[in-house]
There are 2 protein chains.
Amino acid sequence: MALSHTILALLSKQPDSGYDISKHFDEELSCYWKATQQQVYRELGKLTKNGWVNFEAVPQAGKPDKKIYCITEGGWRELTRWYTEPTEPTPIREDLLVKVLIGHKMPRQLLVNEVKHRQQIHSAQLKEYREIETEYLSRDSLGNSDRDLEAQFKYLTLKRGIAYETSWLSWCEDVMAMVNNLEGEGKSKG
Amino acid sequence: MALSHTILALLSKQPDSGYDISKHFDEELSCYWKATQQQVYRELGKLTKNGWVNFEAVPQAGKPDKKIYCITEGGWRELTRWYTEPTEPTPIREDLLVKVLIGHKMPRQLLVNEVKHRQQIHSAQLKEYREIETEYLSRDSLGNSDRDLEAQFKYLTLKRGIAYETSWLSWCEDVMAMVNNLEGEGKSKG
DNA sequence: TTGACATATCCAACATGTTGAGTATACTTT
DNA sequence: AAAGTATACTCAACATGTTGGATATGTCAA
């Protein structure tokens, strides 16, 4: 039940609508949590039932009504309870690795295309993260205020994203090197 | 539907029972795919319905009967069809990062404990991988046989596991450094 | 004016993953 | 002799994630 706690964590920062929470997931949270709009709305319904959040309907001129959700006292209790529980690493599921595993049985070019495709994705993502990092690092030096502390912890999550993308890129290069090496051997023999 | 293709990929190497497939997931596949015994059995049922695998019941002396599953021609077609489809990176969901995100609102020690816990997990996993790697690298040099090729591709998947654990460990150190730095500041002011 | 895009929410169906229990047999340890 | 571990499969219920659509309004560009 970690999606619920991620939403609680967001609402612990400030009240927000389902729509905007969902946008957070698409944007700055995307490096460690993905959720569709559907999931967010469904989960907010459950959180409301549990009494961990409540909402106020806000009519808007020219736009559909909003529901602004707030974390409740019970929500805070649940969030802190969860915070004391140890978390385990998320199980991994990676199609690409399965493709590599049977790489010897499939046309080499298909695998090469896949790896190149992934290289593009990961380097584009890394570039984005690096831009955010540059912006962060160019700010005035940080103090001890709550806001500055918040920014520092957020930066740590960004660093995780950077480490993740970097490790993928270096692995992609390993794969390409190995495959190129095979090609070379093949040529020297044929 | 990637679990189904992972099972097909395993069966493309050799026929196997559900029980043994499930053990593969716990062992050498664990660095890029996790699945419970339950999932494996359920998925084998679906694969059988689709005609992608079939099985033969094998009575055993002193043990329960086995069902040995084989990939069919249709299964091969499906596996190669899947192989030509581009795969996208798996969406990430990491509780620990959510905890870091609200680190400024929670007792510092809780986060420190979490990070230390993860350091232990990742370094234990890395150690395991390194042992397998050492074993692999100490083998006679590899040729061009199908078996040697298979081993090389498998090594690439191991390398991914090593890169993954390594990147977690270096991130954990970043977090600890940042938190220790905060402690220092706090002390110098108090 | 038509279509694309953004705001804002909700429903239904399905796929996938998790958890716990149930049914057997046989070997090993206490 | 009892308890634990390993083999081997099955059912049920639930949690979580995915996909496609429905409902509404408003802005902007072709």
Side-chain angles (χ1 to χ4, degrees), chain A residues 1-8 15-27 29-30 32-50 53 55-69 82 87-95 98, chain B residues 1-8 15-27 29-30 32-50 52-53 55-69 78 82 87-95 98:
Chain A
M1 297 224 272
L3 173 57
S4 54
H5 295 102
T6 306
I7 292 175
L8 283 180
D16 224 339
S17 69
Y19 187 82
D20 287 324
I21 290 170
S22 163
K23 279 211 296 188
H24 289 308
F25 279 104
D26 287 343
E27 290 159 14
L29 254 76
S30 69
Y32 50 94
W33 207 282
K34 315 245 173 176
T36 62
Q37 218 181 33
Q38 252 347 281
Q39 281 178 275
V40 171
Y41 282 122
R42 182 169 55 182
E43 205 63 36
L44 281 170
K46 286 187 200 168
L47 292 173
T48 306
K49 263 190 195 167
N50 287 342
V53 302
F55 65 88
E56 203 186 336
V58 178
Q60 296 192 117
K63 287 181 191 174
D65 290 1
K66 265 189 185 186
K67 284 183 179 176
I68 299 291
Y69 287 86
W82 168 76
T87 57
E88 302 304 312
T90 305
I92 301 167
R93 292 181 180 94
E94 274 292 348
D95 300 44
V98 178
Chain B
M1 295 224 273
L3 174 57
S4 54
H5 295 101
T6 306
I7 292 175
L8 284 180
D16 223 338
S17 68
Y19 188 83
D20 287 324
I21 290 171
S22 163
K23 280 212 293 189
H24 289 308
F25 279 104
D26 287 343
E27 291 158 15
L29 253 75
S30 69
Y32 49 96
W33 208 281
K34 315 246 170 172
T36 61
Q37 218 182 34
Q38 253 346 283
Q39 282 178 275
V40 171
Y41 283 123
R42 183 170 54 183
E43 205 62 35
L44 282 169
K46 286 186 199 169
L47 292 173
T48 306
K49 265 191 194 167
N50 287 342
W52 294 342
V53 302
F55 64 88
E56 204 186 337
V58 178
Q60 297 192 117
K63 285 181 195 174
D65 290 0
K66 264 190 186 185
K67 285 183 180 177
I68 299 290
Y69 287 86
E78 175 56 23
W82 169 75
T87 57
E88 302 303 314
T90 305
I92 300 167
R93 290 179 182 96
E94 274 292 348
D95 300 43
V98 178

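No hydrogens, no waters, no symmetry mates; every other heavy atom, side chains included, goes into these values. Chain letters run A, B, ... following the sequence lines, proteins first and then strands; every chain starts at 1.
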Problem - side-chain contact (heavy atoms from CB on, under 4.5 Å) assessment of F25(A) paired with L3(A) - result: CA-CA 11 Å; F25(A) 279 104; L3(A) 173 57; 3.9 Å; yes
Exercise for the section: Provide, to the nearest angstrom, the distance between the OH atom belonging to Y19(B) and the P atom belonging to dT10(D). Expected result: 14 Å
Practice task
Whole angstrom is fine here: how far is it from CD in E56(B) over to P in dC9(D)?
Solution key: 13 Å
Practice task
Might you confirm whether atom CD of E56(B) has over 12 heavy atoms from other residues, nucleotides or ligands at distances under 6.0 Å?
Solution key: no
Handout entry: 5' priority, DNA chain C, between R42(A) and D65(A) [closest heavy atom]
Key = D65(A)
Handout entry: Closest-nucleotide 5' rank along DNA chain D - winner of Q37(A) and W33(A)
Key = W33(A)
Completion exercise
Students should find that the end-to-end axis angle of the helix from dT1(C)-dA30(D) to dT30(C)-dA1(D), with five pairs defining each axis and rounding to 10 degrees, is 30°
Handout entry: Gap between atoms NZ and P, on K23(A) and dC5(C) respectively (whole Å)
Key = 16 Å
Completion exercise
side chain to side chain donor-acceptor pair (under 3.5 Å) filter on D95(A), not counting sequence neighbours, yields none
Practice task
Could you check how far NZ of K66(A) sits from C1' of dA6(C), rounded to whole Å?
Solution key: 13 Å
Problem - Whole angstrom value for the distance that separates P of dT16(D) from CG of L3(A) - result: 8 Å
Practice task
Kindly say whether, by distance alone, the side chain of Q38(B) makes a donor-acceptor pair under 3.5 Å with the base of dT10(D)?
Solution key: yes
Problem - Integer-rounded Å distance: dA8(C) C1' and L44(A) CG - result: 13 Å
Fill in the blank from the handout: CD (E43(A)) and OG (S22(A)) are apart, to the nearest 0.5 Å, by 13.0 Å
Practice task
Could you list the residues that satisfy salt bridge (Lys or Arg N to Asp or Glu O under 4.0 Å) with D20(B), not counting sequence neighbours?
Solution key: K66(B)
Handout entry: Interatomic spacing from CD in E94(A) to OG1 in T6(B) - rounded to 0.5 Å
Key = 10.5 Å
Problem - F55(A) and Y69(A) aromatic ring geometry - parallel, tilted or perpendicular at 30°/60° bounds - result: tilted
Problem - Interatomic distance where CD belongs to Q39(A) and P belongs to dT16(C) [whole Å] - result: 15 Å
Fill in the blank from the handout: In whole angstroms, the gap separating P of dA12(D) from OH of Y41(B) amounts to 17 Å
Exercise for the section: Could you tell me whether K67(B) contacts a base, only the sugar-phosphate backbone, or nothing, with contacts defined as non-hydrogen atoms closer than 4.0 Å? Expected result: sugar-phosphate
